[in-house]
Amino acid sequence: MTQKSNFELIKSSKRLVVKVGSKLLVDETDGKIRESWLNSLCEDIARWKATAQELIIVSSGAIALGRRYLNLRSGDLKLEEKQAAAAAGMVRLAHAYHESLSKYNLSVAQILLTLNDSEDRRRYLNARSTINTLLSVSAVPLINENDTIATDEIRFGDNDRLAARVATMVSADLLILLSNIDGLYTSDPKEENAAQLVPLITEVTPEIEAMAGDIVSVDSSGGMPTKLAAAKQCLSAACKMVISEGMDEYPLKRLEDGANCSWFLPSSNPQTSRKLWIAGSLQSCGSIKVDAGATAALKDGSSLLPAGVLEVSGSFQRGDAITILDEKGIEIGRGLSAYSYADASKIKGHKTDEIASLLGFIGRLEMIHRDDLVIF
Ligand code: GLU
């Protein structure tokens, strides 16, 4: 058993991503939204938001909804049929969330992502910043893959991995995968009576991977292997993940109240891991020299503002890793620049409110945000 209860693990999480599988949202018999279930999920979400938890939804279901609406054939769809189905289904999916969330006075905002958006550092930062802005105004970001333009080569293909990418992108504390199974079993529970739920996993080892079957359903693309791939991503970013059965109403409440599930718990905290990633795993593309005031502020945990920057050198784009040097040229840290070399050179030494007139667009207030910064 986990040492902490479901309740404690959930309540100690401030930023949560909830992934909803197609089977939960869409009734398999008639291809319609399971409205009463969706209302119960939104009520759960509203309750958690009321306790200052931030919620992001990654929802599948566009293809499942759209294929019936467009009367596409049953069975496996070709890629272009999936794209067409997603185009039709996404409208319905977003509308349904809007209707349900508005009952609880919550605003919803749709974001469609492709794999490219998360691999390209600048697009990744843009997506992250939009999600952060939505959360800061208390809206619920509703995310799905942009299936309509994503071809096979550039697709996540399943929302388990997309959800993990989103969770790590926004430094979430917890990813909840609501599924039609309550967790990882030692073998396929439909085939073996002796199969046992694994309640706690701290590392996705080959033995754990061997437990996952490879069942993929017609309308959704996930299965246990993609959930384990998601878990690996989460654990490496020190984000908790849980697989929980979500078919019945009030799925989050049931999880909170102690429903069976599989927890994937990292051994370090998210901040440390993210900072380690910035400090260790990226090549520096340039450097920024800062004055004594900025050095002191950075050591106190502040973001780096353009005003404290003395010199900029190298060749970097927005989102690239750069080194931060003190007045003597000694490396004091690393971070991801919110500006390209060209723009950073223009705004160095200037006040934040001068950025727009210097660059001709309203950029970020910080040259390097503190979340993107590690000071040694
Ligand atoms: N993005 C797909 C959809 O909305 C679902 C992918 C998945 O099943 O994980 O239909």
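When a residue number appears, it is its place in the shown sequence, counting from 1. Both ligands and their constituent atoms are indexed starting at 1 by order of listing.
- Distances from ligand 1 to the non-hydrogen atoms of Gly61 include at least one value under 4.0 Å.
- By the 3.5 Å distance cut-off applied to N or O atoms, Ala62 is counted among the residues near ligand 1.
- Within 6.0 Å of the CD atom in Glu35, the count of heavy atoms belonging to other residues, nucleotides or ligands does not exceed 12.
- For Arg92 and Tyr69, the positive end sits near the middle of the six-membered ring, less than 6.0 Å away and at most 45° from its axis.
- Listed by first and then second residue, the side-chain hydrogen bond (donor to acceptor under 3.5 Å, both in side chains) pairs that reach into residues 237-256 are Ser12-Lys240, Ser13-Lys240, Ser36-Glu249, Glu43-Tyr250, Arg47-Glu256, Trp48-Glu256, Lys253-Asp257, sequence neighbours excluded.
- Here's the thing with Asn159: one of its N/O atoms is less than 3.5 angstrom from an N/O atom of ligand 1.
- For Gln196, the side-chain hydrogen bond (donor to acceptor under 3.5 Å, both in side chains) criterion is met by no residue, not counting sequence neighbours.
- There is no side-chain donor-acceptor pair under 3.5 Å between Asn144 and Ser59.
- Residue contacts with ligand 1 for Asn144 involve side-chain atoms from C-beta outward but no N, CA, C or O (heavy atoms, distance under 4.0 Å).
- Contact annotation for Asp147 and ligand 1: only side-chain heavy atoms (C-beta onward) come within less than 4.0 Å of the ligand.
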